[in-house]
Every structure is written in C-alpha cells, then in structure tokens.
Amino acid sequence: MLDLSLIRTNPSAVADAMRVKGIGDPSIVDRIVDLDVRQRECVTQLQQLQAESNSSAKKIGELMRSGRRDEASPLIKANADAKEKLQELEADSRTLSDELDDLLLELPNIPHESVPVGATPEENVTIGEFGERPSFDFDPKPHWELLEIHGLVDFARGSKVTGAGFPFYIGKGASLQRALINFFLDEAGRKGYTELQTPIVVNEDSARGTGQLPDKEDQMYVVARDEFFLIPTAEVPVTNFHREEIFAEADLPKQYAAYTPCFRREAGSYGSDVRGLNRLHQFDKVELVKFVHPDASYDELESLREDAEDLLRKLKLPYRRLLMCTGDMGFTQAKKYDLEIFSGGQNRWLEVSSISNFEAFQARRSRIRFKPSAGGQPRPLHTLNGSGLALPRIVAGILENYQTADGSITIPDVLVPYTGFVSI
RNA sequence: GGAGGGAUGGCAGAGCGGUUGAAUGCACCGGUCUUGAAAACCGGCAUACCUUCGCGGGUAUCGAGGGUUCGAAUCCCUCUCCCUCCGCCA
C-alpha cells in the first residue's frame with residue numbers, strides 16, 4: 001500500500017509507476033483522489049455532529065444528576081432527532097473509506113529511481129557473471145536424466161499420489177535436499193539471521209499483508225473449508241510474524257531465516273522450461289527476511305544480496321546477477337535482483353533467488369512500524385526478503401555441473417559434512 | 001467434537017450506564033537529589049483519523065461487528081480468539 005499523502009501530492013507519479021510496471025489501471029488514481037476528498041468532507045461533517053451530540057449528552061447528564069429533568073428533556077429530544085443524520089453520515093463515511101481502501105490495495109509499489117524502465121524480461125540488466133562455467137569433455141546430461149539414472153526423484157509416483165509437480169525425493173536425492181537446507185540455515189544463522197519455523201498455511205489477512213492478495217490470488221492453493229492459503233513462500237508467514245507491531249527504533253534491523261515448503265499453482269506457465277525440477281508446484285526454500293529502518297533499506301538490500309550470493313560462491317555454482325526492469329518486477333517490489341545459476345546440462349540459466357526491497361509497501365499494509373527514538377509518531381519500516389536459496393534448481397545445478405564422465409555426481413565440498421557422502 | 005471461563009493501555013490489573021482514553025502498580029523516557037549509581041521525589045508516556053501555517057481543537061478505538069440509550073468499557077445479540085476440563089489424536 002502506498003502513502004495516501006503521496007497520492008494526494010503527486011498522483012501522476014503513482015499513475016506513471018503503474019504504467020512502467022504494466023500493472024493495473026492508472027485511472028484508479030484519479031478515483032482515489034476524488035474519493036479521498038469526499039471521504040474527508042464526510043468525516044469532518046460527521047465528527048462535528050458527534051462533537052455536538054457528545055457535549056449535549058454531557059450536559060444532559062449534569063442536568064439529570066441535579067434533578068432538573070424538565071430542562072434536560074428538550075436536549076434529549078434534539079439529540080434523538082440528530083441521531084438519524086448521524087447514522088447516515090456514519091454509513092456514508094464507512095462506505096467511502098471501504099471503497100478507498102479497496103482501491104488503495106490495488107495500487108502496485110512504485111519502482112525505485114535506480115530501476116531500469118522496461119517492459120519485458122529482455123530489458124532486465126545483467127550486472128555481472130560470477131564463477132566459472134563447467135567445461136565437459138563428454139556430453140553433459142540434463143538433471144532429469146541424472147535423477148532417473150540414480151533414482152533420486154520419483155515424478156510418476158508424485159503424480160499418482162498428488163499430481164504433476166509434486167515429486168518424491170528418494171534416498172540420496174532426499175539427503176541432498178536435507179543437506180542443502182541445513183547448510184543454508186547454518187549459514188544464515190552465522191550471518192545473524194534468527195531461524196524461524198512457520199505455519200505453512202496462512203489466513204487472508206496475512207496473504208493481503210504481504211501483497212499476495214489481491215495480486216497473486218490465482219497462484220495460491222486454497223484450503224477453502226478453513227479459509228487458509230498454502231504459502232507460496234516463507235516471506236508470507238515471516239513478514240506477518242510482526243504484523244500490527246511497533247518496534248523501538250533501537251530494535252532494528254530484525255532479520256530472520258526460515259525453511260519452508262512452498263506451494264504455487266503456476267497457472268498458465270506450462271512450457272518447455274518445466275522439465276524435471278525446473279518448475280514445481282511444491283518445492284523447498286530457505287527465505288531470508290529483514291525488517292529495517294527506512295534509511296537503511298537500500299544498504300540492506302545489497303547486504304541481503306551478498307548473503308545469497310555467498311551461498312552460490314560456497315557451492316561453487318556459476319551465476320549471474322540481474323537487476324529487474326520495471327515491467328518484470330512484481331506488484332509489491334520497489335527494486336529486485338534475481339540470481340540465476342548456469343546449469344551445464346541444460347546449458348541455460350536458472351533463477352534460484354530473488355532479492356527485493358519492498359520499502360514501506362508491505363509494512364503499510366501490515367501495519368509494521370517503528371517508533372523513532374527521537375520521539376514522534378510511529379513510522380512504517382521497510383521490509384526486504386530474498387531466497388537463500390530455492391532448493392530444486394540448486395539441486396538441478398549441482399547435478400548438472402558436478403556430473404562426471406561416468407555419470408556419477410561429485411558432492412560440493414562444502415556440503416559433504418552435511419550429506420555424509422562425497423558422490424552420488 | 002462436548003462442557004465451562006475469559007478478552008481493558010508495553011506488561012500486570014481496577015473499573016455504580018453520565019468529566020473513564022480509562023484508577024493503580026511495573027516497565028520506559030526526562031528532571032531534581034548524588035562524586036557516580038541506586039533509592040526517593042517531580043513530570044511525561046496508546047493508536048488512527050479530521051481540522052489548523054503553527055500553538056491548539058475535535059472524533060473514534062477497552063477482541064470484532066451489530067443493538068438498546070439523550071449518553072455504553074459497563075446492558076443485550078452475533079462472531080473471532082485464548083484458557084481450563086473431557087473426548088480423539090501426532
């Protein structure tokens with residue numbers, strides 16, 4: 001959610017943001033401005049009437065106590081008469097502010113000035129390539145063939161038990177995932193993130209708080225009977241962990257790491273890139289989330305990105321860093337980096353982390369604030385998150401980049417203490 | 001799932017339907033005292049919104065929504081959540 005006062009003072013900036021993001025209908029900004037004016041007129045009128053009625057009621061109380069009932073009765077009648085008008089204004093005010101709130105929830109976040117304007121993924125900016133791509137003196141296999149050869153994942157039985165995109169991991173395949181989860185969490189802990197285990201279903205307020213609603217409603221699985229949503233990322237429960245809370249300024253920043261399964265319907269995204277582990281309906285991820293002071297959020301974004309990249313360096317996976325253009329950013333982000341690893345068996349880049357600054361967008365929706373130590377009103381803080389990291393594509397990358405001529409796979413050194421085996 | 005109890009400010013905890021946005025204690029912040037600290041004393045300390053250039057003024061909020069009343073934290077209804085006991089179960 002955006003600051004209403006910004007919309008008042010600079011509505012065109014908001015409409016422009018919607019255009020460069022390609023999200024929503026910019027004309028709703030005008031409707032918001034109009035509604036806002038009408039709402040405030042209505043509230044002012046209502047509060048004036050309430051003030052009159054309050055002071056009259058107080059007077060009645062005094063008269064009644066001193067036994068001057070006859071003097072009170074005309075006041076009582078007048079107040080009773082005013083009541084209808086009062087209720088009318090109350091209803092109007094409520095209707096207007098509900099309408100206003102609904103529209104405000106439709107506005108996407110405004111991109112940061114450092115974000116390149118662009119409409120398609122082709123206009124994302126590659127900032128750098130790091131690490132060494134593997135070179136093979138044999139024909140490298142894609143990971144789905146390696147999974148098959150070693151019996152690491154069972155897609156067919158996953159489909160039988162649940163549906164496409166819900167695989168079983170077997171034996172060393174399962175162990176490798178568990179090793180990665182532990183490695184990621186241990187690294188995060190070392191870097192000062194507090195580990196959190198979270199619910200993996202959330203209620204509607206939480207889904208709205210982080211901006212999945214109304215934007216990503218179709219991407220979430222719903223437990224209709226209990227009105228829960230399966231989380232598409234740990235960002236949702238972790239950010240909402242502090243929903244409706246006010247921090248002391250000195251308590252910032254707060255940072256958390258959480259491993260969770262993630263559930264995504266991926267409606268409308270079938271295509272050639274969904275083979276093997278490339279795109280699943282359920283996958284595992286360790287997510288890093290920060291609650292920070294507004295002045296610090298862009299520094300924190302870089303440090304969060306560094307924390308994620310550090311994992312790729314330690315795993316010795318070649319990767320590139322992309323700065324997403326306005327059109328390829330989501331509804332909620334002000335600035336976003338993607339990290340993609342180069343996976344040798346498919347000879348293509350796979351997104352394994354997305355690192356975003358939401359500025360006050362989520363915090364305003366979720367009412368997560370801090371109280372300035374210099375005094376004054378609580379202010380929304382800034383939230384950030386980044387994958388650290390998403391598992392299946394890391395597994396794909398390890399299998400493809402660490403495969404050897406005889407079809408076996410070498411476990412990256414840093415993972416060996418976690419797997420307990422050196423090869424598959 | 002069955003039975004009962006509860007929900008008040010950061011926490012604890014009062015609150016006859018009429019200066020109760022709310023006593024009191026703790027915590028916290030500022031000050032006095034002290035060489036310093038502690039103690040003691042004095043003062044401050046919720047959130048959202050409207051209005052004003054500002055000082056200030058006003059409105060709403062005692063789990064949520066609705067109702068009764070001139071007036072509701074206080075009475076009535078509905079819902080949500082929490083706790084205790086029983087049942088079931090990891």
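Each chain gets a letter, A, B and so on, in the order its sequence line appears, and its residues count up from 1.
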Legend entry - Same-atom distance (P) from B:A60 to B:A72, integer angstrom: 9 Å
Legend entry - A:Asp251 CG to B:A27 C1', straight-line distance once rounded to whole Å: 14 Å
Legend entry - Span that lies between the P atom of B:G9 and that of B:C62, in whole angstrom: 10 Å
Inset, instruction - Applying ring pair (Phe, Tyr, Trp, His ring centres under 6.0 Å), name anything that partners A:Phe155, two or more places apart in sequence or on another chain. - result: none
Inset, instruction - Evaluate the side-chain proximity of A:Tyr259 to A:Lys285: yes if any heavy-atom separation is below 4.5 Å, no if none is. - result: no
Legend entry - Whole-Å P distance, B:C79 and B:G1: 14 Å
Legend entry - Rounded P spacing from B:A40 to B:A27 in Å: 9 Å
Inset, instruction - Specify the closest pair of heavy atoms between A:Ala308 and A:Leu339, including all atoms of both residues, with the distance to one decimal. - result: CB-CD1, 3.8 Å
Inset, instruction - In whole angstrom, give the distance that lies between atom CG of A:Asp101 and atom P of B:C49. - result: 11 Å
Legend entry - Counterpart base for B:U47, defined by Watson-Crick or G-U wobble contacts under 3.5 Å: B:A60
Legend entry - d(CD, A:Gln45; P, B:C49) in whole Å: 21 Å
Legend entry - Pair A:Asp218 + A:Arg265, salt bridge at N-O below 4.0 Å: no
Legend entry - Nearest-angstrom distance, P atom, B:U68 to B:C76: 15 Å
Inset, instruction - Starting from C1' on B:C50, measure out to CG on A:Leu49 and report it in whole angstrom. - result: 14 Å
Inset, instruction - Indicate for each nucleotide in nucleotides 53-75 of chain B, in 5' to 3' sequence, whether protein heavy atoms under 4.0 Å reach the base (B), only the sugar-phosphate (S), or nothing (-). - result: -----BBS----SS--BBS----
Legend entry - Interatomic distance where CZ belongs to A:Arg367 and P belongs to B:C49 [whole Å]: 11 Å
Inset, instruction - Go ahead and name the base partner of B:C89; Watson-Crick or wobble counts if both distances stay under 3.5 Å, otherwise write none. - result: none
Inset, instruction - Specify the separation, in whole Å, of atom CZ of A:Arg364 and atom P of B:C49. - result: 11 Å
Inset, instruction - Decide whether A:Glu400 and A:His143 meet the rule of one side-chain donor and one side-chain acceptor closer than 3.5 Å. - result: yes
Legend entry - For B:U84, the Watson-Crick or wobble partner whose two distances fall under 3.5 Å: B:A3
Legend entry - Note: A:Glu249-A:Lys371 ion pair, threshold 4.0 Å (strictly below): no
Legend entry - Phosphate OP1/OP2 of B:G10: any A:Lys371 side-chain N/O under 4.0 Å: no
Legend entry - 5'-most by nearest nucleotide on RNA chain B - A:Ile246 or A:Leu4: A:Ile246
Can you give the donor-acceptor pairs under 3.5 Å from side chains of residues 97-107 of chain A to other protein atoms, not counting sequence neighbours?
from    : atom 1 : to      : atom 2 : distance (Å)
A:Ser97 : OG     : A:Ser93 : O      : 3.4
A:Ser97 : OG     : A:Arg94 : O      : 3.4

Inset, instruction - State whether A:Glu302 and A:Arg305 are salt-bridged, where the test is any N-O pair (Lys NZ or Arg NE/NH1/NH2 against Asp/Glu carboxylate O) under 4.0 Å. - result: yes
Legend entry - B:G21 and B:C49, which share atom name C1', separated by this distance in whole Å: 15 Å
Legend entry - For B:G54, the Watson-Crick or wobble counterpart (both distances under 3.5 Å): none
Legend entry - Nearest-Å distance once atom C1' is located in both B:U61 and B:U20: 13 Å
Legend entry - Base partner of B:G21, which must satisfy Watson-Crick or wobble distances under 3.5 Å: none
Legend entry - Nearest-angstrom distance, P atom, B:C11 to B:A23: 16 Å
Legend entry - Touch class at under 4.0 angstrom, heavy-atom based, for A:Gln377 against every strand present: sugar-phosphate
